[in-house]
Amino acid sequence: MNAKKEVVWQRFDEIDSTNEYAKTKRQEGKDLIVTAKRQIGGRGTKGRSFSSEEGGVYLTKLSFYDNFPAKEAFKIMAQAAVAVCETLQYYGLQPKIKWVNDVYVNDKKICGILIENVFSGLNISSSIVGIGVNVCNSLPEELKNIATTMQEITGKRFSVEEVTERLVQELFKKHTMEEYISYVGYMGKEATLIFGDERVHGRLISVDNEGGLHVEIDGKSKRLTAAEVSIRV
């Protein structure tokens, strides 16, 4: 796909949510990039609020597909996560992915990714990829111990527009599962595995080419998917 010719890019100073706006454009059937300087209703995974003050990258990519098998849905997540990691690495940071869709630097979260797919039979007809990257935005007091920004890590002030442009370029490159796996961190570490209301202690072993997480629980190996578990390390 040629991003320059075929993808509309809509920019906002302030918006409720780039993801929610992209949903209203699905019926038009055109690939779209939506960015905003600030969101007032940003959401993360499981409906959690997402801090979206000015100074961060808030971006949504709406894509339409022909014959994209639903069983390969993880590739959408992997592509987005690698694009973020490549962008951060370009600016001198050392990112790693906390399975499945968070990007960390120095053991603090710097980016969250939210994927919303629309299925048609056994295929994915469209996807919305929402990405929030902390660049030089201020963080709420309650997040300062668990989140970070590009500016905090490097001591440099970055152009949000330039970082956004770089990220969009990476989003339209073809990234492999091997690249995704190369960025995955925390393997070999102990973690809390969260199955709904149940929490289980286990050890992270590896991530396979389909995006499955292999863990060890009570001495037994088990393969888990993103749909059934989340982790805390």
Do the non-hydrogen side-chain atoms of [X] and [Y] ever get within less than 4.5 Å of each other?
X: Ile76; Y: Phe74; result: no
X: Asn106; Y: Ile153; result: yes
X: Ile131; Y: Val57; result: no
X: His201; Y: Leu193; result: no
X: Leu88; Y: Val103; result: yes
X: Thr35; Y: Phe12; result: no
X: Tyr183; Y: Gln89; result: yes
X: Cys111; Y: Asp102; result: no

Taking all atoms of both residues into account, what is the closest heavy-atom pair of [X] and [Y], and its distance?
X: Asn117; Y: Ala73; value: ND2-CB, 4.0 Å
X: Ser126; Y: Arg26; value: OG-NE, 3.8 Å
X: Lys173; Y: Gln79; value: O-OE1, 3.1 Å
X: Val160; Y: Gly56; value: CG1-O, 3.4 Å
X: Ser120; Y: Ser125; value: CB-CB, 4.1 Å
X: Met177; Y: Ala78; value: SD-CB, 3.5 Å

Problem - Any donor-acceptor N/O pair, Glu162 side chain to Ser159 backbone, under 3.5 Å - result: no

Handout entry: Main-chain N/O of Thr176 paired with Glu179 side-chain donor or acceptor, under 3.5 Å
Key = yes

Problem - Step-by-step side-chain contact (heavy atoms from CB on, under 4.5 Å) determination, Leu139 to Asn137 - result: CA-CA 6 Å; Leu139 297 172; Asn137 48 302; 3.9 Å; yes

Are the charged groups of [X] and [Y] less than 4.0 angstrom apart, N to O?
X: Glu14; Y: Arg38; value: yes
X: Lys23; Y: Glu116; value: yes
X: Asp31; Y: Lys61; value: no

Treat each ILVMFWY residue as a node, draw an edge where side-chain heavy atoms are under 4.5 Å apart, and state whether [X] and [Y] are in one component.
X: Phe195; Y: Trp99; result: yes
X: Val200; Y: Val100; result: yes
X: Leu224; Y: Ile194; result: no
X: Ile205; Y: Leu213; result: no
X: Val118; Y: Phe64; result: no

Measuring from atom [atom1] of [X] to atom [atom2] of [Y], what distance do you get when rounded to the nearest 0.5 angstrom?
X: Thr164; Y: Leu167; atom1: OG1; atom2: CG; answer: 7.0 Å
X: Lys98; Y: Tyr186; atom1: NZ; atom2: OH; answer: 8.0 Å
X: Met150; Y: Lys156; atom1: CE; atom2: NZ; answer: 9.5 Å
X: Ile181; Y: Asn209; atom1: CD1; atom2: CG; answer: 4.5 Å
X: Leu62; Y: Thr18; atom1: CG; atom2: OG1; answer: 11.0 Å
X: Glu210; Y: Glu72; atom1: CD; atom2: CD; answer: 9.5 Å

Can you confirm whether [X] is buried at [atom1], in the sense that more than 12 heavy atoms of other residues, nucleotides or ligands lie under 6.0 Å from that atom?
X: Lys222; atom1: NZ; value: no
X: Glu141; atom1: CD; value: no
X: Lys37; atom1: NZ; value: no

Exercise for the section: Identify the residue among Val82, Leu59, Thr87 that makes a side-chain contact (heavy atoms from CB on, under 4.5 Å) with Leu171. Expected result: Leu59

Handout entry: Full working for side chain to side chain donor-acceptor pair (under 3.5 Å) between Tyr65 and Ser127
Key = CA-CA 8 Å; Tyr65 307 102; Ser127 68; 2.6 Å; yes

Handout entry: Distance-only donor-acceptor check, side chains Glu170 and His175, under 3.5 Å
Key = yes

Exercise for the section: Establish, from distance only, whether the side-chain atoms of Tyr21 and Gln39 form a donor-acceptor pair under 3.5 Å. Expected result: no

Exercise for the section: Take Glu152 and Asn134 through the test side-chain contact (heavy atoms from CB on, under 4.5 Å) and record every step on the way to the result. Expected result: CA-CA 10 Å; Glu152 180 180 50; Asn134 297 328; over 6 Å; no

Practice task
Please assess Asp107 against Lys96 for the test side-chain contact (heavy atoms from CB on, under 4.5 Å), listing each intermediate value before the final yes or no.
Solution key: CA-CA 9 Å; Asp107 291 330; Lys96 57 184 173 182; 3.5 Å; yes

Problem - From CA spacing to verdict: side-chain contact (heavy atoms from CB on, under 4.5 Å), Trp9, Val34 - result: CA-CA 6 Å; Trp9 187 341; Val34 185; over 6 Å; no

